[in-house]
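First the structure, then my questions, so here it is.
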Amino acid sequence: QTATMGRRPHRCYRYIKNKPYIKGRYLRGVPDAKIRIYDLGRKKAPVDDFPACIHLLSLEREQISSESLEAARICANKYMTKMGGRESFHMRVRLHPFHVLRINKMLSC
């Protein structure tokens, strides 16, 4: 019976230490970002249809993985759809995960 290990906790990769490592011609075999949908809700509605505009931002300079962006998008979309309905909001994720987080594979005996 083989046991598969989960991902390392994000606290290992939270702080920005080095230059950004972006996917380019020198970096091959990197999987695509987990986040696929960036616009949600009523996309073609004019700005005046909604009474409020909310921005969510971090006060720290930190790295955010594409998995955490996708989890935040799903959670916010589920809450907004449940509370107000599908046509009562427009949500846009402006951040794109260009920086590739390299995870060092470590063996433990």
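Worth saying up front: this structure is predicted, and the values here are computed from it rather than measured. Excluded from the calculations below are hydrogen atoms, water molecules and symmetry mates; all remaining heavy atoms, backbone and side chain alike, are included.
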Item to check | Set of residues satisfying side-chain hydrogen bond (donor to acceptor under 3.5 Å, both in side chains) with respect to S88, sequence neighbours excluded | outcome: none
Checklist entry - For the atom pair CZ (R36) and CZ (R73), what is the distance rounded to the nearest 0.5 Å? => result 11.0 Å
Next on the checklist: Is there a continuous path of hydrophobic side-chain contacts, each under 4.5 Å between heavy atoms, that joins I74 to L69?
Outcome noted: no
Checklist entry - Do L95 and Y38 share a hydrophobic cluster (ILVMFWY, side-chain heavy atoms under 4.5 Å, transitive)? => result yes
Item to check | Pairwise ring-ring contact (aromatic ring centres under 6.0 Å, His included) hits with a residue in residues 48-84, at least two apart | outcome: none
Next on the checklist: If you compare all heavy atoms of I37 against all heavy atoms of D39, which two are closest, and at what distance to 0.1 Å?
Outcome noted: CG2-O, 3.3 Å
Checklist outcome for this item: Separation between NZ (K34) and CD (E67), nearest 0.5 Å, reads 5.0 Å
Next on the checklist: Grouping I, L, V, M, F, W and Y whenever their side-chain heavy atoms are under 4.5 Å apart, do V93 and L40 come out in a common cluster?
Outcome noted: no
Checklist outcome for this item: Scanning both residues in full, the closest heavy-atom pair of R42 with H90 reads O-CB, 3.4 Å
Next on the checklist: If I take atom NZ from residue K43 and atom CZ from residue F89, how far apart are they, to the nearest 0.5 angstrom?
Outcome noted: 10.0 Å
Item to check | Working for side-chain contact (heavy atoms from CB on, under 4.5 Å), residues M91 and N77 | outcome: CA-CA 8 Å; M91 184 172 66; N77 185 29; 4.1 Å; yes
Checklist entry - Can you tell me if E62 and S58 form a side-chain donor-acceptor pair at under 3.5 Å? => result yes
